[in-house]
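Below is one structure, written out as structure tokens; the observations come after it.
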2 protein chains.
Amino acid sequence: MLLRDRILEAAVRVYGAHGFRGATTRRIAEAAGVNEVTLFRTFGSKAALIDAAIRNRTAREDAQHLPAVPGDVVAELTAWAGSIHGHMRRMRSMIRKCMSEMEERPEMSGAACEGPTWAHKELRDYLHRVQEAGLASRDVDPMIAASMLMSSLFADAMGRDMMPSIYPPASSAAEQYVRVIARALGITVTPRATKRPGASRAASAPAS
Amino acid sequence: MLLRDRILEAAVRVYGAHGFRGATTRRIAEAAGVNEVTLFRTFGSKAALIDAAIRNRTAREDAQHLPAVPGDVVAELTAWAGSIHGHMRRMRSMIRKCMSEMEERPEMSGAACEGPTWAHKELRDYLHRVQEAGLASRDVDPMIAASMLMSSLFADAMGRDMMPSIYPPASSAAEQYVRVIARALGITVTPRATKRPGASRAASAPAS
DNA sequence: GATGCAAGCAAGTATTTACTTGCATCCCCC
DNA sequence: GGGGGATGCAAGTAAATACTTGCTTGCATC
């Protein structure tokens with residue numbers, strides 16, 4: 001059934017661009033290259049269609065795991081954070097709409113919360129294992145550290161479009177966040193390989 | 001002119017609850033206790049009204065400053081972060097809507113970016129002064145540290161409603177974020193005064 | 001070729017929305 | 001007391017929206 005998937009994909013695209021109220025059945029039908037009546041025949045109502053579209057999108061998250069026994073913590077975290085960051089950035093339009101409509105339509109936007117909640121737990125548990133292995137100080141609550149790294153990735157993915165000046169370059173953002181968290185945890189971090197020597201320390205002096 | 005302000009306040013309230021498309025002139029008029037026609041006579045159009053309402057709200061931000069010469073860094077940052085966090089939390093509904101509609105109506109939602117951008121700069125410059133004063137390691141880029149603290153406050157304020165389990169209790173959140181950042185910067189932090197002794201280290205072990 | 005199902009197409013319905021018009025009413029200032 | 005400006009009220013308009021109905025067309029299976 002190819003047509004159903006095409007409609008779902010078009011719906012999530014239009015929803016991401018215009019939100020629930022802005023995602024008119026006309027627009028979705030046009031985006032899917034399908035007659036408007038087909039939407040109602042296949043999904044019953046606009047709400048059911050968009051609900052299915054969001055669920056369909058959030059379902060196929062390829063959940064990436066952190067290693068059960070920590071090795072090179074900074075490298076492992078950087079890879080993981082980079083993938084989470086990329087995922088959030090790809091879904092940013094939809095996530096923004098879901099967040100903004102959570103209060104009005106909790107049953108459909110709620111699915112978007114499961115991903116971050118799961119990822120936070122994954123990260124928190126990993127950091128706990130790192131502490132247990134004696135690789136990090138026990139003075140920092142892993143739950144807080146996990147929250148902060150997740151928050152950094154999240155806010156970066158959401159805000160980079162609107163306020164590019166307050167975030168590091170996208171290519172190295174995840175790594176830099178991980179390194180700060182690692183420092184807080186007392187994990188020894190090797191100095192960054194920067195293109196221009198000396199750029200790593202006090203890189204951004206105040207402009208004014 | 002009391003009536004104009006009453007309309008603006010009602011408009012921003014309805015906008016925060018329902019977004020641009022959901023903020024119908026009927027709803028705004030009802031919330032303001034005013035005839036619908038008055039909206040058009042006073043502001044011309046719905047778009048102009050909501051634009052004015054958002055600008056009016058974001059304008060009266062009482063900008064809190066960090067001290068020009070750093071003293072007790074953790075205490076100063078905690079106070080500042082707490083105020084920013086409170087502010088973000090009070091405006092969270094409106095911020096969510098602005099973020100989600102930024103792509104569709106950049107001219108009106110754009111005003112919401114100025115606050116965070118300014119706060120980030122304030123924080124980054126402060127951290128730079130802390131480094132210059134020899135109170136913190138120079139190995140961490142102040143811009144990254146500022147981003148991460150701002151991100152933590154922001155994501156907390158936005159996400160706490162939907163995912164309360166992944167954030168620390170609201171009363172101590174700002175302080176905890178500040179302490180982690182301080183650790184990363186190599187600032188000596190005094191151990192937290194917790195209600196139950198021992199709760200500060202390894203406070204949240206994995207549940208499963 | 002007949003049958004049945006899935007999809008397109010055209011048209012229509014009831015509701016909502018932004019916005020307008022015309023008139024009555026109130027209140028402040030002179 | 002009278003005039004003017006601001007506000008309320010009733011009604012209406014044009015457009016958009018979700019959703020329905022009736023019919024045609026294509027296609028695959030028997």
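Throughout, a chain's letter reflects where its sequence line sits, starting with A, and its residues are numbered from 1. Keep in mind that what you see is a predicted model, and the values were worked out from it rather than measured.
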side-chain contact (heavy atoms from CB on, under 4.5 Å) between Leu135(A) and Ile187(A), worked out: CA-CA 7 Å; Leu135(A) 297 171; Ile187(A) 298 168; 5.6 Å; no
Val73(A) vs Val178(A), side-chain contact (heavy atoms from CB on, under 4.5 Å): CA-CA, chis, key distance, verdict: CA-CA 10 Å; Val73(A) 176; Val178(A) 165; over 6 Å; no
Would you mind reading off the distance between [X] atom [atom1] and [N] atom [atom2], rounded to a whole angstrom?
X	N	atom1	atom2	answer
Ile28(A)	dT17(D)	CD1	P	11 Å
Arg21(A)	dA18(D)	CZ	P	11 Å
Leu2(A)	dC27(D)	CG	C1'	16 Å
Glu36(A)	dC19(D)	CD	C1'	8 Å
Arg6(B)	dT7(D)	CZ	P	10 Å
Glu30(B)	dT16(C)	CD	P	13 Å
Ile7(A)	dA7(C)	CD1	P	8 Å
Phe40(A)	dA10(C)	CZ	C1'	16 Å

Determine which nucleotide pairs with dT29(D), using a 3.5 Å limit on both distances of a Watson-Crick or G-U wobble pair.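 dT29(D) is paired, partner dA2(C).
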Nearest to the side chain of [X], heavy atoms from C-beta on, is which of [options]?
X	options	value
Lys46(A)	dC19(D), dA7(C), dG8(D)	dC19(D)
Arg41(B)	dA7(C), dA18(D), dG8(D)	dG8(D)
Val37(A)	dA18(C), dC9(C), dC9(D)	dC9(C)
Arg26(B)	dG8(D), dT16(C), dC19(C)	dT16(C)
Asn35(B)	dG8(C), dC19(C), dC9(D)	dC9(D)
Leu3(B)	dA7(C), dC19(D), dT7(D)	dT7(D)

Can you list the steps and then say if Thr58(A) with Glu114(A) is a side chain to side chain donor-acceptor pair (under 3.5 Å)? CA-CA 9 Å; Thr58(A) 58; Glu114(A) 291 164 20; over 6 Å; no
Kindly assign one of parallel, tilted or perpendicular to the pair His65(A) and Trp118(A), based on the angle between their ring planes and the thresholds 30° and 60°.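 Perpendicular: the ring planes of His65(A) and Trp118(A) meet at over 60°.
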Tell me which of Thr38(B) and Ala47(A) sits closer to the 5' end of DNA chain D, going by the nucleotide each one is nearest to.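 The answer here is Thr38(B).
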Least distance between heavy atoms, Phe154(A) atom then Phe154(B) atom: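 For Phe154(A) versus Phe154(B), the nearest heavy atoms are CE2-CE2, 3.9 Å.
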